[in-house]
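Below, chain A is the first sequence line, B the second, and so on; all start at residue 1. Quantities reported herein were computed from a predicted structural model and do not represent experimental measurements.
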Amino acid sequence: MMTEPTSPIVTRFAPSPTGYLHIGGARTALFNWLYARGRGGKMLLRIEDTDRARSTPEAIDAIFDGLKWLGLHWDDEPIFQFQRAVRHREIAEALLAVGRAYRCYASQEELQEMRETARKEGRPPRYDGRWRDRDPSEAPADRSPVIRLKAPQEGETVIEDLVQGRVTWQNKDLDDLVLLRSDGTPTYMLSVVVDDHDMGVTHIIRGDDHLTNGARQAQIYEALGWPIPKMAHIPLIHGPDGAKLSKRHGALGVEAYRAMGYLPEAMRNYLVRLGWSHGDQEIFSTEELISLFDLNRVGRSAARFDFAKLENLNGLYIRNSSDEYLVDALEKFLPELPDGADLAPRFSVLRARVLAIMPGLKERAKTLIELFDGTRFLFAERPLQLEEKAKTILSDQARAILGRAIPMLEATEWKSVPLDAAVRQLAEQESVKLAAVAQPLRAALTGKSTSTGIFDVLIALGKDESLARLRDQAGKTVAA
RNA sequence: GCUCCUUUCGUCUAGCGGUCCAGGACGUCGCCCUCUCACGGCGAAAACACGGGUUCGAGUCCCGUAGGGAGCGCCA
């Protein structure tokens, strides 16, 4: 079969390192990654660090770490935009040379005035092009100019967006943007165009806050005679109240989600469904996502971030993970816990017990924090600190039952079936429901009112430790 | 203010002119399972923003209105 020779897909993720990798950025990276991976292409990483004052090495590390944690591996070496400033300047000069750009000497005061006037007259605040056709001899000697693009003043600029569809701007509404600042450094608008071109980017997938930039960048491509990459502007993520995502809701760095005990694969599944769908399907393996993801299935309206759904999905991923995987995940997760450093040495010692309790535990936990909390009784020192509810359960009567349970359990083989039979038999002898025996056992064994199945607890703790904990709490009275 | 985008259950969404008195998922509520808490099972309530068109027929196409969002820098 003949196949059309297609140029390989190249996408890019281009964050500016001025803070953490926030959740919206993570989703943008995910979409870029999926789109490229599903088509045998590459996803490149470009750090847009041209804002020297706000860019920090910590933020760069946060981006690298966040992407790695999510498993979104980029191709080739990351590009640092600032290092390419010379190239950007060359392009601006080239545009100047061919008359597609010009020097503008307008002062900040003049620009300010223009904006105010325009606003007053109900027009968009725009540069009025006063240096566009002025003779260079009129240039003031004491002022260094910026270089502006000589943008078309009539007609329209159109973007055929893969998500938004055809979007049109009247050129009269777009002004002559600055390409090169008066200090000779390139602006973002110029840098992005030159870098995307030089990196061979074929598909620009980014937040729709860049949609207007897309139009202005299209004008730069036009002036340069370069082909315009395909663009896809994906809707933004909003907070639960519909307003722009802020720190208050979910605009945390991805490291914050890691600390909250979310699994990266659950995170990815949640994020991809924010704006993208494949019929009614909710759960996707990574392989499925790579093969199914497409831009034409991305919606055009903003989605609200919903922790409840993320948590549910995370619980589902935990339940479907193997016990070994979860024990490893917990061990790696320890540093995120306040007392993690103290627990780490004991964790490796008690690892087998953690593994033993895992099948029952993973049905109950929605986050790694909850999962770990479920194992804490294994680490507890005798005599146990009892939670309030556990104290309530351990009434005198309950303690008396425990007292009678001890000799019985001592004589029982420490396996699930015999233990089950023994406890049930005791309940029968006491003429109480199973709960009236199980709950006191649970309270004495774990210090809590809830846990995994009581027989699992007995087995994970082992015979000696279990009986010791029961003796700690049992009532002395045997005769009533 | 101007430009652009957007509007289906509380939330994420399915729906690409008739098969929709609108489907799934999360959340909520009820019942079942049950040693607790979960898991699981069953069931319920819950939406096409509004107004005009086009059409035999509109959630689906067009135009307004209203709401929401983004952008309008010598920031990125």
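Summarising the geometry, the separation between CG on D51(A) and P on rC74(B) is reported as 14 Å, rounded to the nearest angstrom. As rounded to whole Å, 13 Å separates atom C1' of rA76(B) from atom CZ of F13(A). If you take CZ of R166(A) and C1' of rC4(B), they are 15 Å apart, rounded to a whole angstrom. Following rounding to the nearest Å, M189(A) (CE) and rA76(B) (C1') show an atom-to-atom distance of 9 Å. The nearest whole Å value for the distance from the CG atom in L190(A) to the P atom in rC74(B) is 14 Å. Rounded to an integer number of Å, the gap from R300(A) CZ to rU8(B) C1' is 15 Å. Put simply, OH on Y127(A) is 20 Å from C1' on rC2(B), counting in whole angstrom units.
No donor-acceptor pair under 3.5 Å is formed between the side chain of S321(A) and the backbone N or O of L326(A). Not a single donor-acceptor pair under 3.5 Å links the side chain of R216(A) to the backbone N or O of M189(A).
Using a 4.0 Å heavy-atom distance criterion, A390(A) is classed as making no nucleic acid contact. Residue contacts for D175(A): at a heavy-atom cut-off of 4.0 Å it reaches no nucleic acid atom on any strand shown. If you check every strand for non-hydrogen atoms under 4.0 Å, L236(A) touches sugar and phosphate atoms only. Within the 4.0 angstrom heavy-atom criterion, only backbone atoms of the sugar-phosphate kind lie near T168(A); the bases stay farther away. Among the protein residues, Q170(A) comes within range of no part of the nucleic acid, since none of its heavy atoms lies under 4.0 Å from any strand. At a threshold of 4.0 angstrom between heavy atoms, the contacts of R119(A) include nucleobase atoms, whether or not backbone atoms are also involved.
When the P atom is used for both rU54(B) and rC63(B), the distance is 15 Å, rounded to whole Å. Atom C1' of rG52(B) sits at a distance of 24 Å from the matching atom of rG15(B), rounded to the whole Å. Remark: the separation of the C1' atoms in rU36(B) and rA49(B) is 46 Å, to the nearest Å. Nucleotides rC48(B) and rG1(B), compared at atom P, are 29 Å apart to the nearest Å. Distance noted for atom C1' between rC35(B) and rC12(B): 37 Å (whole Å). A distance of about 27 Å separates the P atoms of rU13(B) and rA58(B), rounded to the whole Å. Taking atom C1' in both rC50(B) and rG68(B), the straight-line distance is 15 Å, to the nearest Å.
Summarising the base pairing, rU60(B) is matched to no nucleotide, lacking a Watson-Crick or G-U wobble pair whose two defining distances lie under 3.5 Å. When both distances must be under 3.5 Å, the Watson-Crick or G-U wobble mate of rA66(B) is rU7(B). Across all strands shown, rC72(B) forms a Watson-Crick or G-U wobble pair, both distances under 3.5 Å, with rG1(B). Under the Watson-Crick or G-U wobble criterion, with both distances below 3.5 Å, rC42(B) is paired with rG30(B).
For residues 300-310 of chain A, the salt bridge (charged side-chain N to carboxylate O under 4.0 Å, His left out) pairs, not counting sequence neighbours, are E282(A)-K309(A). Listed by first and then second residue, the salt bridge (charged side-chain N to carboxylate O under 4.0 Å, His left out) pairs involving residues 182-192 of chain A amount to none (not counting sequence neighbours). Sequence neighbours left out, the pairs with a member in residues 54-64 of chain A that pass salt bridge (charged side-chain N to carboxylate O under 4.0 Å, His left out) are D51(A)-R54(A).
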Quick test: give all pairs of protein nitrogen or oxygen and nucleotides 9-15 of chain B nitrogen or oxygen below 3.5 Å, distance rounded to 0.1 Å.
from: rC12(B); atom 1: OP1; to: R304(A); atom 2: N; distance (Å): 3.0
from: rC12(B); atom 1: O2'; to: R273(A); atom 2: O; distance (Å): 2.8
from: rC12(B); atom 1: O2; to: K309(A); atom 2: NZ; distance (Å): 3.3
from: rU13(B); atom 1: OP1; to: G275(A); atom 2: N; distance (Å): 2.5
from: rU13(B); atom 1: O3'; to: S277(A); atom 2: OG; distance (Å): 3.3
from: rA14(B); atom 1: OP1; to: S277(A); atom 2: OG; distance (Å): 2.8
from: rG15(B); atom 1: OP1; to: R297(A); atom 2: NH1; distance (Å): 3.3
from: rG15(B); atom 1: OP1; to: R297(A); atom 2: NH2; distance (Å): 3.3
from: rG15(B); atom 1: OP2; to: R297(A); atom 2: NH2; distance (Å): 3.3

Report each atom pair, protein N/O against N/O of nucleotides 42-48 of chain B, whose distance is under 3.5 angstrom.
none

Anything under 3.5 Å between a protein N or O and an N or O of nucleotides 36-38 of chain B, put it in a table, one pair a line.
from: rU36(B); atom 1: O4'; to: Q439(A); atom 2: OE1; distance (Å): 3.1
from: rU36(B); atom 1: O2'; to: S449(A); atom 2: O; distance (Å): 3.3
from: rU36(B); atom 1: N1; to: R442(A); atom 2: NH2; distance (Å): 3.3
from: rU36(B); atom 1: O2; to: S451(A); atom 2: N; distance (Å): 2.9
from: rU36(B); atom 1: O2; to: S451(A); atom 2: O; distance (Å): 3.2
from: rU36(B); atom 1: N3; to: R442(A); atom 2: NH1; distance (Å): 3.3
from: rU36(B); atom 1: N3; to: S451(A); atom 2: O; distance (Å): 2.7
from: rU36(B); atom 1: O4; to: R364(A); atom 2: NH2; distance (Å): 3.1
from: rU36(B); atom 1: O4; to: G453(A); atom 2: N; distance (Å): 3.4
from: rC37(B); atom 1: O2; to: R364(A); atom 2: NE; distance (Å): 2.7
from: rC37(B); atom 1: N3; to: R364(A); atom 2: NE; distance (Å): 3.0
from: rC37(B); atom 1: N3; to: R364(A); atom 2: NH2; distance (Å): 2.8
from: rC37(B); atom 1: N4; to: R364(A); atom 2: NH2; distance (Å): 3.2
from: rA38(B); atom 1: O2'; to: E363(A); atom 2: O; distance (Å): 3.0
from: rA38(B); atom 1: O2'; to: R364(A); atom 2: O; distance (Å): 3.4

Side chains of residues 385-393 of chain A: which donor-acceptor partners sit under 3.5 Å, not counting sequence neighbours?
from: E388(A); atom 1: OE2; to: K391(A); atom 2: NZ; distance (Å): 3.2
from: T392(A); atom 1: OG1; to: E388(A); atom 2: O; distance (Å): 3.1

Acceptor/donor pairs from residues 421-432 of chain A side chains to any protein atom, 3.5 angstrom cut, sequence neighbours excluded:
from: R424(A); atom 1: NE; to: D420(A); atom 2: OD1; distance (Å): 2.4
from: E430(A); atom 1: OE1; to: R404(A); atom 2: NH1; distance (Å): 2.5
from: E430(A); atom 1: OE2; to: R404(A); atom 2: NH1; distance (Å): 2.7

Listing, residues 146-156 of chain A side-chain donor-acceptor contacts under 3.5 Å, not counting sequence neighbours, or none:
from: R148(A); atom 1: NH1; to: D176(A); atom 2: O; distance (Å): 2.7
from: E156(A); atom 1: OE1; to: Q170(A); atom 2: NE2; distance (Å): 3.1

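Checked options R12(A), R87(A), R84(A); the residue passing with D195(A) is R84(A) (criterion: side chain to side chain donor-acceptor pair (under 3.5 Å)).
Residues from residues 146-155 of chain A lying near RNA chain B, meaning a heavy-atom separation below 4.0 Å, are V146(A), R148(A) in numerical order.
The side chain of T50(A) contributes an N or O atom lying less than 4.0 Å from OP1 or OP2 of rA76(B). Taking only side-chain nitrogens and oxygens, R319(A) comes nearer than 4.0 Å to OP1 or OP2 of rG40(B).
Residues satisfying the side chain to side chain contact (heavy atoms under 4.5 Å, CB included) test with R376(A), not counting sequence neighbours, are L337(A), D339(A), L343(A), F372(A), D373(A). Contacts of D49(A) classified as side chain to side chain contact (heavy atoms under 4.5 Å, CB included), with partners at least two apart in sequence or in another chain: P17(A), I47(A), R52(A), S55(A), F80(A), Q81(A), F82(A).
Annotated as syn: rC39(B), whose O4'-C1'-N torsion sits within 90° of 0.
Put simply, the side chain of S182(A) and the base of rC74(B) share a donor and an acceptor less than 3.5 Å apart. Scanning atom types as modelled, one donor and one acceptor separated by under 3.5 angstrom connect the side chain of N213(A) and the base of rA76(B).
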